[in-house]
Amino acid sequence: QVQLVESGGGLVQAGGSLRLSCAVSDSIFSIVAMGWYRQVPGKQRELVASMASGSRQTNYADSVKGRFTISRDNAKNTVYLQMNSLKPEDTAIYYCVRGNIYGLGYSSDYWGQGTQVTVSS
């Protein structure tokens, strides 16, 4: 059973930084795609950042490009989201997602429990 445990959320002032971590219990972590989504109540869920498996290709939502960085440490089965220059509109629940070797967005994806990020103005 794949489990994802997120940490690192919290309250920060605008312009500040946070780093989210997601530890994954998974024997094939190094070859699957990983990503971070966020959701604000009443709004559509947004894919913030993703990282492919083999190529390590990364993709970012336009709203976070240049401010957020996704990375992974395969030795620790952990994926990170470094968030800099945070804005109040970044306030959301952030979810770590484990995809498969083809990417994200499949019914078989695994989700973490979510971590709250609140950015005050």
Could you tell me the separation between the [atom1] atom of [X] and the [atom2] atom of [Y], rounded to the nearest 0.5 Å?
{"X": "Leu4", "Y": "Thr78", "atom1": "CG", "atom2": "OG1", "result": "10.0 Å"}
{"X": "Gln1", "Y": "Asp26", "atom1": "CD", "atom2": "CG", "result": "10.5 Å"}
{"X": "Cys22", "Y": "Arg72", "atom1": "SG", "atom2": "CZ", "result": "10.5 Å"}
{"X": "Ile28", "Y": "Asn74", "atom1": "CD1", "atom2": "CG", "result": "12.0 Å"}

Would you say the side chain of [Y] lies within less than 4.5 Å of the side chain of [X], judging by non-hydrogen atoms?
{"X": "Phe29", "Y": "Arg98", "answer": "no"}
{"X": "Asp90", "Y": "Arg67", "answer": "yes"}
{"X": "Val79", "Y": "Trp36", "answer": "yes"}
{"X": "Glu89", "Y": "Val40", "answer": "no"}

State plainly whether one hydrophobic cluster holds both [X] and [Y], where clusters connect Ile, Leu, Val, Met, Phe, Trp and Tyr through side-chain heavy atoms under 4.5 angstrom apart.
{"X": "Leu47", "Y": "Met34", "value": "no"}
{"X": "Val48", "Y": "Val119", "value": "yes"}
{"X": "Tyr110", "Y": "Leu81", "value": "yes"}
{"X": "Tyr95", "Y": "Val64", "value": "no"}
{"X": "Phe68", "Y": "Met51", "value": "yes"}

Exercise. If you measure only the distance, is there a donor-acceptor pair under 3.5 Å linking the side chains of Glu46 and Ser63?
Worked result: yes
Any idea which heavy atoms bring [X] and [Y] closest together, and the distance?
{"X": "Ser17", "Y": "Asn84", "result": "OG-OD1, 2.9 Å"}
{"X": "Leu104", "Y": "Ser50", "result": "CD1-CB, 3.6 Å"}
{"X": "Ser121", "Y": "Pro88", "result": "CB-CG, 3.8 Å"}
{"X": "Glu6", "Y": "Tyr94", "result": "OE2-O, 3.8 Å"}
{"X": "Ile70", "Y": "Gly35", "result": "CD1-CA, 4.1 Å"}

Exercise. Are any side-chain N or O atoms of Thr118 and backbone N or O atoms of Leu11, one a donor and one an acceptor, separated by less than 3.5 Å?
Worked result: no
Seminar exercise, completed: Given the options Thr91, Leu20, Ile93, Val117 meets side-chain contact (heavy atoms from CB on, under 4.5 Å) only with Leu20
Problem set entry | Check ion pair Asp62-Lys65 (N to O, under 4.0 angstrom) | yes
Exercise. Counting only heavy atoms not in Tyr106, do more than 12 fall under 6.0 Å of its OH?
Worked result: yes
Exercise. Excluding sequence neighbours, so at least two apart, what forms side-chain hydrogen bond (donor to acceptor under 3.5 Å, both in side chains) with Asn100?
Worked result: none
